[in-house]
Amino acid sequence: MSGYTTPAAKGTMRRRSGRNRKTVWGQLLRGLLTAIGVTLGCVLLFALLLQWLKPSDQVIRIVNQLIKLGSIFAGVWVTVGRGGENGLLLGAGVGLAYMLLGVLLYALLSGQQLPFTAYLSDIAMGVAGGGIAGAIVAGMRRR
C-alpha cells in the first residue's frame with residue numbers, strides 16, 4: 001500500500017451524526033424564537049421604564065424600531081453563528097419571518113388597518129436589517 005490516506009483519515013473532513021445536523025428550517029426557527037424572546041424582554045423592560053420616563057410618542061417609535069432591529073440581530077446571531085455560512089440569506093430569512101409575524105399580530109390585535117406601504121416598509125426593514133446582520137455575523141472570525 002502506498003502512503004495515501006483519505007481526507008476523512010487526515011481529519012480534514014468531519015461528518016456529523018443525524019442528531020447534530022442543523023436544518024435550515026430548524027436554524028430559522030431557533031433564530032425566530034430568540035428574536036421573539038428578546039422582543040418580549042425588551043418590551044417588558046421598556047413598559048416598566050415608561051412609568052418613570054414618560055417619553056414622547058416620537059421617542060417611543062424610535063425605541064420600538066431599535067427593539068425590532070436588536071431582536072432581529074439577536075435572532076440572526078443564533079441562526080448564523082460567528083463565521084457561519086449563508087449569513088446574508090439566513091439573516092434576511094429571520095428578518096422576514098420576524099417582521100411578517102409582527103405585522104400579522106399587529107393587524108390582528110390592534111384592529112387598525114394601516115396602509116399596505118406601511119406594512120411593506122416594516123417587512124423591508126426586517127429583511128434588510130436581517131441580511132446586513134447576517135453578513136456581519138458570518139464575516140466574524142471564530143475564536
Side-chain angles (χ1 to χ4, degrees), residues 4-143:
Y4 177 77
T5 57
T6 63
K10 289 181 186 176
T12 58
M13 193 168 112
R14 293 185 184 168
R15 291 185 183 198
R16 294 183 177 174
S17 68
R19 277 185 295 164
N20 293 337
R21 234 179 242 162
K22 295 179 184 177
T23 65
V24 172
W25 295 112
Q27 286 177 283
L28 288 173
L29 181 62
R30 254 184 50 191
L32 179 61
L33 292 175
T34 299
I36 291 169
V38 169
T39 299
L40 292 175
C42 288
V43 166
L44 180 65
L45 180 64
F46 188 56
L48 293 172
L49 290 174
L50 281 175
Q51 300 300 317
W52 294 299
L53 299 176
K54 309 226 186 293
S56 67
D57 286 344
Q58 184 65 25
V59 171
I60 292 172
R61 281 190 213 104
I62 291 170
V63 170
N64 183 31
Q65 295 301 324
L66 291 174
I67 288 172
K68 288 177 191 177
L69 288 172
S71 298
I72 289 171
F73 187 85
V76 169
W77 186 280
V78 168
T79 301
V80 176
R82 182 181 285 229
E85 296 179 5
N86 298 324
L88 182 70
L89 289 175
L90 289 173
V94 170
L96 176 66
Y98 175 83
M99 293 306 269
L100 276 176
L101 184 64
V103 163
L104 285 172
L105 285 175
Y106 178 80
L108 290 174
L109 296 176
S110 73
Q112 295 179 1
Q113 187 67 24
L114 293 178
F116 183 69
T117 55
Y119 292 133
L120 210 55
S121 67
D122 259 5
I123 292 169
M125 182 192 78
V127 171
I132 291 168
I136 291 170
V137 171
M140 293 178 162
R141 291 184 187 167
R142 293 183 190 203
R143 290 185 178 184

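The shown structure was predicted, so the numbers you read here are calculated from the model rather than taken from an experiment.
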With [X], which residues qualify under side-chain contact (heavy atoms from CB on, under 4.5 Å), at least two apart?
X: Leu50; answer: Phe46, Pro55, Ile60
X: Ile36; answer: Leu32, Leu40, Leu101
X: Leu29; answer: Leu33
X: Ser110; answer: Tyr106, Gln112

Exercise. So how far is it from Leu49 CG to Cys42 SG, rounded to the nearest 0.5 Å?
Worked result: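 It comes to 10.5 Å.
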Problem set entry | Atom pair CD1/CD1 of Ile67 and Ile62 - distance to nearest 0.5 Å |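 It is 12.5 Å, given to the nearest 0.5 Å.
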Nearest heavy-atom neighbours spanning [X] and [Y]:
X: Gly126; Y: Ile72; result: CA-CD1, 3.7 Å
X: Gly84; Y: Ala138; result: O-CB, 3.3 Å
X: Leu28; Y: Gly93; result: CD2-C, 4.1 Å
X: Arg141; Y: Arg82; result: O-CD, 2.9 Å

All pairs passing salt bridge (Lys or Arg N to Asp or Glu O under 4.0 Å) where [range] contributes a residue, at least two apart:
range: residues 93-104; answer: none
range: residues 89-98; answer: none
range: residues 41-64; answer: none
range: residues 31-43; answer: none

For this session: Using the test side-chain hydrogen bond (donor to acceptor under 3.5 Å, both in side chains), find all partners of Gln51 that sit at least two apart in sequence or belong to another chain.
Result: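 With sequence neighbours excluded, Gln51 shows a side-chain hydrogen bond (donor to acceptor under 3.5 Å, both in side chains) to no residue whatsoever.
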Residue pairs, two or more places apart or on separate chains, that pass side-chain hydrogen bond (donor to acceptor under 3.5 Å, both in side chains) and touch [range]:
range: residues 131-140; result: none
range: residues 28-47; result: Thr39-Ser71, Thr39-Tyr98
range: residues 118-129; result: Lys68-Asp122

For this session: Would you check if Leu69 and Met125 make a side-chain contact, meaning some heavy-atom pair closer than 4.5 Å?
Result: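 Heavy-atom side-chain distance check passes, below 4.5 Å.
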